[in-house]
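Report on the following structure.
The shown structure was predicted, so the numbers you read here are calculated from the model rather than taken from an experiment. First the proteins, then the strands, lettered A, B, ... as listed; each starts at 1.
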Amino acid sequence: MNKVKIIIRGIIKENPVFVLLLGLCPVLGVTTSAYNGFGMGLATAFVLLMSNLVVSLIKNFIPNKVRIPSFIVIIASFVTIVQLVMEAFLPDLFDALGLFIPLIVVNCLVLGRSEAFASKNDTFSAVTDGLAMGMGFTMALTALGALREILGSYSIFGYSFVEGDGMLVFVLAPGAFIGLGYLTAIFLKIIGER
Amino acid sequence: MKTFKTGGVHPPEKKFSENQPIEVLPLPETVSIPLSQHLGAPAVPVINKGDKVKTGQLIAKGESFISANIHSSVTGTVTKIDDVIDASGYRKKAVIIKVEEDQWDESIDTSDTLKKDCDLTSEDIVKKVNQMGIVGMGGAAFPSHVKLSVPKGKKAEYLLINGAECEPYLTSDHRLMLEKGEELMVGITIKMKALGVNKSVIGIEKNKPDAIEYLCELAKEYEGITVEPLKVKYPQGGEKQLIKALVNREVPSGKLPIEVGCIVHNVGTTFAVYEAVQKNKPLIERVVTVTGINIEKPSNLLARIGTPVSAIIEAAGGIPSNTGKVVSGGPMMGKALSNFEAPVTKGTSGILVFPKEASQRVTQLNCIRCAKCVNTCPMTLEPYLLALLSDKKRYEMCENNMIMDCIECGSCHYVCPSGRPLLDNIRVGKAKVGQVIRERK
Amino acid sequence: MNEIVLYSVLSIGSLGTLMALVLYIVAQRFKVIEDPRIDQVEDKLPGANCGGCGYAGCRNFAEEIVKAGTLEGFNCPPGGSEVLSEVASVLGLEAEEQESMVAVVLCSGSRQVAPPKTRFEGLNTCEFAHSLYAGLSGCPYGCLGEGDCVVSCNFDAMCMDENTGLPVIIEEKCVACGACVKACPRNIIELRKKGKKSRRIFVSCINREKGGVARKNCKVACIGCGRCVKECKFEAITLENNLAYIDFNKCTLCRKCPQECPTSAIHEINFPPRKPKEKKENKTAEA
Amino acid sequence: MSLLTVSGSPHVHADDSVRKIMYGVIISLVPAMLVSFYFFGLGALIITLTAVVSCLVFEFLIQKYLIKGPVTIWDGSAIITGVLLAFNVPSNLPLWIVVVGSFVAIGMGKMTFGGLGKNPFNPALVGRVFMMISFPVQMTTWPKPIPLSTQLTDVVTGPTALAVIKDGVGRGEKVSQLLPKVPEYTDLFIGNMGGSLGEVSAIALILGGLYMLLRKIITWHIPVSFIGSVFIFTGIMWLVNPEIYIDPVFHLITGGLMLGAIYMATDMVTSPMTPAGMLIFGVGCGILTVVIRVFGAYPEGVSFAILIMNAFVPIIDRSFKPKRFGEEVKNG
Amino acid sequence: MAKKESTFANMVLTLLMVTAIAAFTLSMIYNVTKEPIERGRYERKQAAISFVVPEFDELKTRFFMPADGRDSLEFNFAYKDGELVGVAVETYTMMGFSGYISAMVGFYPDGTIYDVVHLQHEETPGLGDKIQKDVSDWSDQFQGFDPSEKTLKVRQDQGDVDGITAATITARAYCDAINRAYLTLMKNLDQIDMSLEE
Amino acid sequence: MEYIFIIIGAIFVNNIVLAQFLGICPYIGVSGKVSTSVGMSGAVMFVMTLATIVTYLIFNFILIPLDITYLQTISYILVIASLVQMVEIILKKVSPALYQALGIFLPLMTTNCAILGVAILTVQNEYNLLQGVVFAIANAIGFGLAIILFAGIREQLDLVDVPKGMKGAPAALVVAGIMALAFMGFAGLV
Ligand SMILES: Cc1cc2nc3c(=O)[nH]c(=O)nc-3n(C[C@H](O)[C@H](O)[C@H](O)COP(=O)(O)O)c2cc1C
Ligand SMILES: Cc1cc2nc3c(=O)[nH]c(=O)nc-3n(C[C@H](O)[C@H](O)[C@H](O)COP(=O)(O)O)c2cc1C
Ligand SMILES: Cc1cc2nc3c(=O)[nH]c(=O)nc-3n(C[C@H](O)[C@H](O)[C@H](O)COP(=O)(O)O)c2cc1C
Ligand SMILES: Cc1cc2nc3c(=O)[nH]c(=O)nc-3n(C[C@H](O)[C@H](O)[C@H](O)CO)c2cc1C
Ligand code: SF4
Ligand code: SF4
Ligand code: SF4
Ligand code: SF4
Ligand code: FES
């Protein structure tokens, strides 16, 4: 498939969050601010990219019955790497993302892409796909984070623009669902699915 | 006061014609007698184009068990046997006869005298009913001989006579009870004999006190017949509701009344059975109520089968200028006509003419889940749910929610404050589910 | 090498080995024989087990799709269309390249040529209307105009013409899925060969009533006069029950018959305008 | 003569409509409204008007420009939502918050799902809980009632009776010590206390409820089971330890219980359809209310309880079907 | 290249290889990041300590049981020129809206509070998170607060601390944490040596 | 009492789906029908309990003694993935009926954050084994409650016509949001 097409598909037509509805836990869990969303997006994108790369490299050596355990171990390794590196060099972000870093492992998106795409395509396509999906994911997380931050804290990337506390709901659990709901509707409308 | 327990409505009664005695409608110029006026297989014509027929002569034969004979209602020449437009605008096979005179078949006793005794055996009675083409005149036009032949292994205990006439506007049964009370009693006795039962109850709604009083008086002379006044509530005349009201039995879902030992007949049917058995007269005419808010002269007319609706309305003073809807039957269950040429059939109990402003449905909003339809449904179904499910084509869910139990009484639509077309939806669902069930068999 | 490395490799390595061992043994001991195609299909699926398809995981999806033997109603969000076509090849469902078809509406009874004689109220579906009465114009065969077909089309290839009250098929979008054909209670829609340059000739009427009767309700009804049958040199037109039908396999698009039809019931579409003749009124199937 | 109309039966319709039902509710709300104007003055009037008008405007805008369907703002339901939303907020709430609340109630609570009848949750409560969580400070400063005041700002504020008790008990004080700090029961009953606009006057709300019962707009099942279960549950706790748990009568006439039980839980769109289901629903609301009131972080639990039970409605409706005619044959 | 069959040897070997390589890589990275992680933690703690006590040049750490006998608290004695200038106590409470809150409380040697900074909490953003210095200056009111004269309770509880609007629970909990540190300090006062010596 | 707090906390106050955001994908994905969501809840309960026990053992008897807790993620997921696969194979053979009811949902478990999340939370909250098991079961009940109610509402929304733009996922997410809003009422219960 055309590489450009792969990228566009990852970001728009099959946006992992808005269209495929995959990997929603971190999407909802960490997007209290645009910065957190962006960080989480990058972390996931990194794992996605690397695991796609490795899986597509070694796909032929893995027998079927242990495919899932093997893939998931590979993914888990990259997740742990992210975890360790982030804790070492970005401790604040690490604190904010908390539990959701290890949960990148079970992010259906990552395993799904490894299985669906990387294990069947050549390395270059796999990497492109990882990149595209990662970008789509990061974009969605940042957008949701920004929305929740704007409404919930009257600020964006930490710069507050209006005095006051913001609408707390958007910082809390319900706001995540609601924000994602309406963002999804808007996204689908814009890309012409509705 | 007896009545059925769950649900039901009480629409304004508007029985304008209840004090109008039955009048005989003059013969029309032509009649068109449909070959399928009853439930079951259409009858097969036994005459040909150009044949001369007499009043009461057999013109089509019901060949299968659930079917009914059809007789000529006039004397004249058969001009054609062809598709004619029916009430819904579709074309159905019918025999069209040009009326020439009114010469009755010799075998028919046309006198008015009451003939009380009947020495036929029960089989002969049923045979006679079959020959004379009697069908239920309460609505469904189900061949009466079928109901009178109790299936093996079942036992009838009660013959229930349906004089509820719960539909607003309609008065034909009411007038019949007042004017042909004695004949009715004889008819009942005959049917009791045919069925081998010794108990019969006539259920009459309380808004017909004169009929109740009169029949009570008469019933004293007939063994086993009682008259039961009923609370005014629609659809009291529905078979299952009537049974619940009169003998407090519930017909199980999907079963026939005989399951609980009951047979229900309409008063019109009973009169027709009397005439068939005692006078040898086939079902060629019936009482039709013509009424409506703007109708000049609401009346009860004795009309020959096959008379066009236009002729009937003419007799009641003509079609008012602002007519918006014409309904055959009662306002709750009747069928809206798409033209005036449709003929009166054995099942036509009334012709209602609605002015334009009353013929439009109320504006339709979303269902607000008010549960009025649920509380009103006499079969305790959930009409709102059935309608939604049917709309979304979830037919198996419809079946699970017992859509086939719906008696199409329309109470749900009547009460719905949102004006949902509940029964429309349910009808589509019923048709689909019925199809599925038939295919499964 | 410090001991952390040693411990890590040892413990995780042995955990891995152990799991492989256990999995192997379990897989051997508890083998269940199944349709091998399920495995093959599952192989093609993404294996994300995300549940996006509405089934409980990829395996379940594979089982259901093998059981169903058709792709209809199945969709795998992460895999997308490619995966589905791969699945199709496994199941041998690859629809062999057919000559492309398109839906056409076989009724031209617009409000203008078949004026309404009644008003209809209530549930606005053709299915219900069909069960209730013959139709606004009185034609018991014609289009009821409530748009069941439009609703059934998943490809936005149909719309209702507000003016005529008839459905219109948008040729470019129609994929000939046949949903509308099934939806119409009166069987008014037919899938026909798209034809050379998208040109088609067909009788846009399905009324089987006698000519006079049909004509009374609708000016453009086929009256079964048979002139087109005589005109057609290729025996593409048959007349049955007062209704002419053009077989699209035989029709050579010679354009003779439309001129003959006294009621303009025969439609020709996507042809260049005729030189001398006057234009035909309303061509329903045009986009 | 005009064209004949063809339609399925029945051909007549009861003299009843959604609009009649909705305006009936609005009429029944009048007493409570008057009481709120009396005790909270001009502020109450302004808040009520703001809420109603903004609900109508938002409904209009969404129906017209987003859904692009028919505009049905005058069916009365948006007015009820507005009034009930206003009834659920303190009278000194900044108006912009009222507008936000109306937007959430109508936009998110109702129109998201397609408008009247389709919303799974009570719109006014969605709006109220949204405000409650988003603007906890503003939503929990309750003005003290000053009859017929025209003052709009700087009103004297104080906690609601429920909050006084809850806070006190939380600190370890005894109920008997706290009781003097709350208004007399008769005052509580007629509504002379701090609190949301419409919730204060039990008597006016009961009056409205009786009117709706008489007009058959609501049935008794939900209010009675709701209030009854609160009474029984708190009664048991009170009997067990009257020093920690206040008496049931107090629970009945404070907080939004009456408002909730009579107007919000009975919203037919978001409550079960069968009597059995309604009873379950009411009892569920009652128990949750008490649990949240007594053990939870919020002093008041009615809104949450009803909203939570709204989520149960589809399951309740599935589980409590009416007994079908002819289902259980008992012949005799 | 053909895909490997699911034979026994293949399965075990593959999984062994994958896990072993993964574990090896990870442990290498762990070794690299361990030090920065620990240093980061250490530095953050140091930062917190230096935030809540006056300038110092030496630290001494000891643990003391609190008055209620629960988990011991870490006391960091800060000395300047051998003189005790302050005590930074790492304290906690479970009474927060979401349970656990930990904080570093600094005292002058006389028991007056120098400053307080939170270490960890899960209070609601926008409500309870006002205990954070970077969110609100609410906790500045503790600077110079002398618990022996004023009561370490929020006003609603008849104390001298201004509550956080709409987050009394958090404020109450924070007071509880500080109070714990203070009480522990007082209880163990006799054991605390004022000079660096010994 | 402690257990009651764990249970109430896990089911209502910190509901795994509505407050903790774990297991959202199956929550959105498998909630189209009430019957499926019931099966899903059963499977979650089964696997969650099992996984919590196994990972608890691994953590306390391998990772802690060897001081390699940084390998928590990788070891947990390895075990969970294999465990799920194993249970599925066994169940299919041993009890086809149970497999039909629960087993078909098992593959969804590997990528269900809730399972790994609860395993990690058990360690983070420093529960002992019994507490861990209670915690896991309670969380599974919380998941079941949320998803079954949600499925009920979604079935109902399916019947009424939701506006085109909101149909499907958007409306479902808003419903989830309002449910989360309602569940905030439980705040402070424990
Ligand atoms: C809703 C409903 C209302 C009915 N109302 C009457 C009625 O008022 N009078 C009547 O005789 N039959 C009425 N029927 C028809 C009866 O159910 C039953 O078919 C009839 O009494 C049987 O008698 P028959 O076979 O003699 O017609 C009604 C049916 C239904 C479904
Ligand atoms: C297919 C069918 C079969 C029936 N079979 C019998 C029968 O065997 N015996 C009987 O007494 N009634 C039978 N009935 C008549 C019904 O009990 C009922 O009286 C009839 O449908 C008219 O009722 P209605 O006017 O209430 O609709 C049958 C009806 C239908 C539609
Ligand atoms: C979702 C949510 C989060 C909350 N978070 C906190 C919090 O972090 N800290 C707190 O003290 N109160 C919090 N509250 C508010 C408390 O429940 C309670 O209403 C408040 O502490 C009462 O305090 P007040 O007396 O200052 O108004 C929260 C409430 C909700 C609904
Ligand atoms: C008895 C009754 C109670 C109602 N209660 C409410 C309510 O609490 N909140 C609300 O927004 N609408 C209420 N409504 C109006 C309407 O039903 C509501 O807006 C619908 O939920 C909108 O779909 C009520 C209507 C009636 C008839
Ligand atoms: S029409 Fe059917 S569903 Fe409606 S009330 Fe009558 S029996 Fe019930
Ligand atoms: S009566 Fe109408 S509005 Fe009420 S529940 Fe039934 S369908 Fe809905
Ligand atoms: S339903 Fe199918 S066949 Fe009909 S118009 Fe649409 S795409 Fe074409
Ligand atoms: S073509 Fe058929 S389905 Fe379409 S509008 Fe006409 S009658 Fe209805
Ligand atoms: S990301 Fe949590 S279940 Fe999919």
Name the region of [X], side chain, backbone, both or neither, that has any atom closer than 4.5 Å to a heavy atom of chain B.
X: D/Lys20; result: neither
X: D/Ser271; result: backbone
X: D/Thr72; result: side chain
X: D/Pro272; result: backbone

Under 4.5 Å from any heavy atom of chain D - which part of [X]:
X: B/Asn339; result: backbone
X: B/Pro378; result: backbone
X: B/Leu423; result: side chain
X: B/Phe4; result: neither

Between D/His13 and B/His413, what is the ring plane arrangement, given parallel below 30°, perpendicular above 60°, and tilted in between?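 Perpendicular.
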Do any N or O atoms from the side chain of D/Thr5 and from the backbone of B/Lys325 form a donor-acceptor pair under 3.5 angstrom?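 Not confirmed, D/Thr5 side chain does not pair with B/Lys325 backbone.
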Indicate the atoms forming the closest heavy-atom contact of [X] with [Y], along with that distance.
X: B/Leu337; Y: D/Val6; answer: O-CG2, 4.1 Å
X: B/Tyr384; Y: D/Asp317; answer: OH-OD2, 4.1 Å
X: D/Val12; Y: B/Tyr414; answer: O-CD1, 3.4 Å
X: B/Gly334; Y: D/Ser9; answer: O-CB, 3.3 Å
X: D/Gly114; Y: B/Asn366; answer: O-ND2, 3.7 Å

Got a second to check how far [X]'s [atom1] is from [Y]'s [atom2], nearest 0.5 Å?
X: B/Asn375; Y: D/Lys216; atom1: CG; atom2: NZ; answer: 11.5 Å
X: B/Cys367; Y: D/Met268; atom1: SG; atom2: CE; answer: 10.5 Å
X: D/Ser7; Y: B/Asp424; atom1: OG; atom2: CG; answer: 7.5 Å
X: D/Met22; Y: B/Ile368; atom1: CE; atom2: CD1; answer: 4.5 Å
X: D/Ile21; Y: B/Ser418; atom1: CD1; atom2: OG; answer: 7.5 Å

Go through the steps to decide whether D/Asp16 and B/Lys372 satisfy the test side chain to side chain contact (heavy atoms under 4.5 Å, CB included), and finish with yes or no. CA-CA 11 Å; D/Asp16 195 6; B/Lys372 286 201 159 70; 3.3 Å; yes
Would you check if D/His11 and B/Lys335 make a side-chain contact, meaning some heavy-atom pair closer than 4.5 Å?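 No; the side chains remain at least 4.5 Å from each other.
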Taking the side chain as everything from C-beta on, heavy atoms only, tell me whether B/Val374 gets closer than 4.5 Å to D/Pro322.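 Contact flag for B/Val374/D/Pro322 side chains = yes.
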Got a sec: does the CD of B/Glu296 have more than 12 other heavy atoms crowding it under 6.0 Å?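 12 or below, so no.
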Would you find more than 12 non-hydrogen atoms of other residues, nucleotides or ligands less than 6.0 Å from B/Phe16 atom CZ?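 For B/Phe16, atom CZ is crowded (more than 12 foreign heavy atoms under 6.0 Å).
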Which one wins on heavy-atom pair count under 4.5 Å against chain D: [options]?
options: B/Arg361, B/Lys240, B/Lys255; result: B/Arg361
options: B/Gly410, B/Ala371, B/Pro331; result: B/Pro331
options: B/Val9, B/Asn401, B/Val415; result: B/Asn401
options: B/Arg369, B/Met332, B/Glu408; result: B/Arg369

Donor-acceptor pair between B/Thr6 and D/Lys323 side chains, under 3.5 angstrom: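 Side chains of B/Thr6 and D/Lys323: no pair found under 3.5 Å.
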Run D/Lys321 and B/Leu385 through side chain to side chain contact (heavy atoms under 4.5 Å, CB included) and show every step you take. CA-CA 11 Å; D/Lys321 299 255 171 199; B/Leu385 183 64; 3.3 Å; yes
